[in-house]
Amino acid sequence: MPKARLTREQIAERAALELPDGAYVNLGWGIPNLIAAYVPKDVVVYFHSENGILGMGPRAKAGEEDYDLVDAMKVPVTLVPGAAYFSQVDAHVMTRGGHLDICILGGLQVSERGDLANWRVPGAKGAGGIGGAMDISVGAEKLIVTMEHNSKDGQRKIVTACSYPLTAIECVNTIITDLAVIDVTTDGLVLREVAPGFTPEEVQEQTEPKLRCSENVPEMALRTK
Amino acid sequence: MPKARLTREQIAERAALELPDGAYVNLGWGIPNLIAAYVPKDVVVYFHSENGILGMGPRAKAGEEDYDLVDAMKVPVTLVPGAAYFSQVDAHVMTRGGHLDICILGGLQVSERGDLANWRVPGAKGAGGIGGAMDISVGAEKLIVTMEHNSKDGQRKIVTACSYPLTAIECVNTIITDLAVIDVTTDGLVLREVAPGFTPEEVQEQTEPKLRCSENVPEMALRTK
Amino acid sequence: MDLAVADVPDGAIVMFGGFGGAGFPNNLIQGLARRGARNLRVISNNCGTGDGELGILFKNRQIRHVVAAFPGPGATYFQQQFDAGEVELELVPQGILCERMRAFGAGIPAFYSPVGVGTDVAKGKEERVIRGKRYILEQALGADYAFIKAYRADRMGNLVYRKAARNFNPIMATAAKITIVEVDEVVETGTLDPETIVTPSIYVDRIVVAKGIHNA
Amino acid sequence: MDLAVADVPDGAIVMFGGFGGAGFPNNLIQGLARRGARNLRVISNNCGTGDGELGILFKNRQIRHVVAAFPGPGATYFQQQFDAGEVELELVPQGILCERMRAFGAGIPAFYSPVGVGTDVAKGKEERVIRGKRYILEQALGADYAFIKAYRADRMGNLVYRKAARNFNPIMATAAKITIVEVDEVVETGTLDPETIVTPSIYVDRIVVAKGIHNA
């Protein structure tokens with residue numbers, strides 16, 4: 001049986017474990033948007049949305065949508081007790097000013113020194129769009145990128161230097177993929193965990209820069225295997 | 001009978017006529033603080049206070065003071081309908097951003113080109129204090145200075161160049177004193193009105209820079225003479 | 001409605017509030033479409049959703065230049081005209097888009113920003129190291145008109161918003177020569193709590209009451 | 001009360017809200033006086049009224065340096081120590097004092113300002129002409145602690161203020177590593193209207209309930 005990489009949901013599940021109790025958190029497009037569903041029951045986190053909400057709850061139930069209460073992906077959401085509304089400029093005082101505890105974004109490429117490219121594939125049609133990703137990347141106290149380890153056509157996405165247009169330089173702290181959890185440190189990339197069934201060597205093979213690791217790299221802890 | 005210069009109350013009364021209906025107005029320390037009482041009955045103006053009020057009403061009656069509702073001089077005040085509270089930083093978005101229609105400040109010296117000195121007498125004891133005057137002077141759409149034409153020891157206060165520490169450069173539009181109303185223009189100072197009974201020559205004598213004026217300079221219109 | 005936008009000339013710079021389908025002044029936008037002013041320079045987070053929001057103005061080819069953070073995949077008319085080189089785009093990070101407007105309203109001509117350092121956004125901008133970190137210089141961004149959407153206004157122009165429909169609206173109100181607001185209802189002056197007013201009346205020039213239009 | 005300020009070390013940089021007798025965290029200030037931390041660098045619009053507000057900290061000689069807009073004629077202890085050269089003062093225009101704090105909280109390291117151009121305030125600062133006007137470069141201003149006063153907090157730390165006692169408090173909350181708030185009352189989380197919260201909980205680290213002290 002060929003070994004299975006993690007699903008997008010499993011990446012989200014693993015990423016959810018990075019959220020400490022009481023944290024103020026912004027989640028970006030893509031896999032990050034799946035994370036809220038996996039926050040452990042005994043952990044309370046407050047979700048920030050760059051359109052001016054702190055304390056977003058789950059998606060609104062069908063029939064109960066209020067289109068004045070949407071998240072940054074236009075999805076009707078709800079509030080938790082203690083939530084607050086504010087303007088977009090105040091929302092970005094929070095992002096850029098370093099007030100959020102953890103931000104989790106999707107990624108197209110992450111470099112050895114933690115540069116992130118996540119807003120535009122070179123040569124793609126259309127104007128592209130930056131959105132809030134640059135403000136969030138620059139300001140995040142801790143920035144986690146969740147993404148598949150390889151692109152659809154098998155290219156490595158963790159690279160020595162990004163070839164895609166950058167979102168921000170030296171901003172990523174941790175990368176969580178379908179193969180591994182990797183920390184970006186001043187000494188380079190450190191392999192913290194591997195996906196169940198994979199070896200550090202197999203992860204290294206799909207990763208352009210050299211990964212450092214201890215002798216025994218644990219497997220990611222997941223409820224759903 | 002020696003001719004009488006205007007009282008401080010009369011300067012305030014004349015200055016009040018400069019306020020158009022619907023104007024948003026900031027009044028500073030000293031004579032400006034007397035102006036609100038003289039706003040004509042058919043004119044509605046909205047007073048701004050740099051501690052975060054737009055729409056201040058009269059001073060609170062004795063026994064009805066609320067010490068959380070004070071103006072920039074610590075005086076308990078009231079609100080008019082349509083008033084709003086905001087923070088000090090937002091109060092100065094209004095001053096510096098040019099949103100107020102008219103600001104009226106006291107003055108120690110005003111120069112020919114409209115420089116204002118109003119926060120510190122050279123050699124005075126103590127640390128002095130700038131307060132909000134610099135922000136207000138720089139941002140005011142129209143800045144009026146109300147002051148006595150001469151200092152207590154008879155010095156001219158409208159000067160070729162200020163010798164006192166400056167509040168802001170090229171900021172004053174109009175000077176209203178106990179002797180005259182003078183406009184600061186790109187062609188220099190223009191004498192618009194004289195105090196009842198005074199001649200342009202008498203005003204010029206107490207004014208260091210040259211005053212331009214038309215052949216017939218009207219007297220200031222005052223109810224109280 | 002049409003009266004409120006009747007003086008917007010060709011070539012005007014116009015800001016539009018709204019984000020994620022919420023807080024768009026759609027009635028004012030449609031009024032401007034009817035008015036037909038051309039060669040507009042617009043400032044908005046996105047560039048419309050089909051015919052909705054700013055879409056109608058692109059469809060009518062009224063817009064020449066746009067400053068936006070996220071034009072959006074649904075901005076069909078914009079994307080066509082962009083690909084054809086018929087409309088100019090300045091792409092700005094969303095927080096910096098807000099911050100540049102705030103700076104304008106606050107009398108700040110320019111500020112240093114950490115956002116976009118080392119990226120395409122930094123191209124052509126002054127870079128400077130302050131206390132050991134790299135920053136780029138960003139310029140204030142103002143407009144001739146701000147078209148905004150609020151929930152409720154009093155007759156004097158004090159505004160409150162509804163939920164996440166607040167977004168760009170309060171900051172745009174401070175950054176334009178003339179601010180025109182579309183509201184669900186107008187109440188008597190004095191009935192809004194002074195503690196809860198988000199946009200004080202000083203920033204509002206014209207008020208129009210209209211039933212909100214939502215473009216999904 | 002004393003517990004809330006127990007970790008403020010000698011040499012700390014501390015901001016204090018309050019203006020015109022309103023919105024001063026007087027109970028926290030008196031707690032800091034009892035704690036006795038020395039060599040403080042403080043940021044506050046003024047420098048006390050007799051023993052009141054910051055006065056007690058000057059009386060105790062706990063303050064070495066102050067950034068203020070209007071120290072005030074009633075700041076007896078400060079004025080004595082200033083005349084004697086025992087305390088350092090950086091005098092800042094009031095709006096720029098606020099704006100430098102806001103910049104710090106907003107991740108903006110420095111900005112150009114029209115205020116103080118050609119005056120003593122410009123001394124030692126870079127001057128630059130932008131779009132034909134003169135400006136000076138102002139730096140962000142942050143602190144280790146902000147001591148602020150609000151009216152009501154929920155348990156999570158969301159804050160609302162009362163009337164003009166709001167003043168410097170919300171902006172200081174964003175500009176300090178640790179924000180300690182003194183409130184009249186604490187309510188259950190979820191009972192403050194999300195539309196009317198002025199300081200979201202993200203900016204608040206410690207809450208102390210105390211009966212307000214007013215120094216006339």
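The model shown is predicted, which means the values in this text are computed figures rather than measured ones.
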Fill in the blank from the handout: Assert top hit (heavy-atom pairs under 4.5 Å, partner chain A, pool A122(C), A165(C), P93(C)) equals P93(C)
[X] versus chain A, heavy atoms under 4.5 Å apart: side chain, backbone, both or neither?
X       : answer
P114(C) : both
R102(C) : side chain
L91(C)  : both
F78(C)  : side chain
F82(C)  : side chain
L89(C)  : side chain

Exercise for the section: Considering non-hydrogen atoms only, spot the tightest contact between N51(A) and F19(C) and give its length. Expected result: CB-CD2, 3.3 Å
Problem - Q94(C) (side chain) donor-acceptor with I130(A) (main chain) under 3.5 angstrom - result: no
Practice task
Would you check if the side chain of D135(A) reaches a backbone N or O of V115(C) as a donor-acceptor pair within less than 3.5 Å?
Solution key: no
Are [X] and [Y] packed together at the side-chain level, in the sense that at least one heavy-atom pair is separated by less than 4.5 angstrom?
X       : Y       : answer
R162(C) : D66(A)  : yes
K125(A) : D83(C)  : yes
Y85(A)  : V198(C) : no

Report which part of [X] has an atom under 4.5 Å of a heavy atom belonging to chain C: side chain, backbone, both, or neither.
X       : answer
S87(A)  : both
S49(A)  : neither
V138(A) : side chain
E50(A)  : both

Problem - No-hydrogen, no-angle side-chain donor-acceptor test under 3.5 Å, H92(A) and E99(C) - result: no
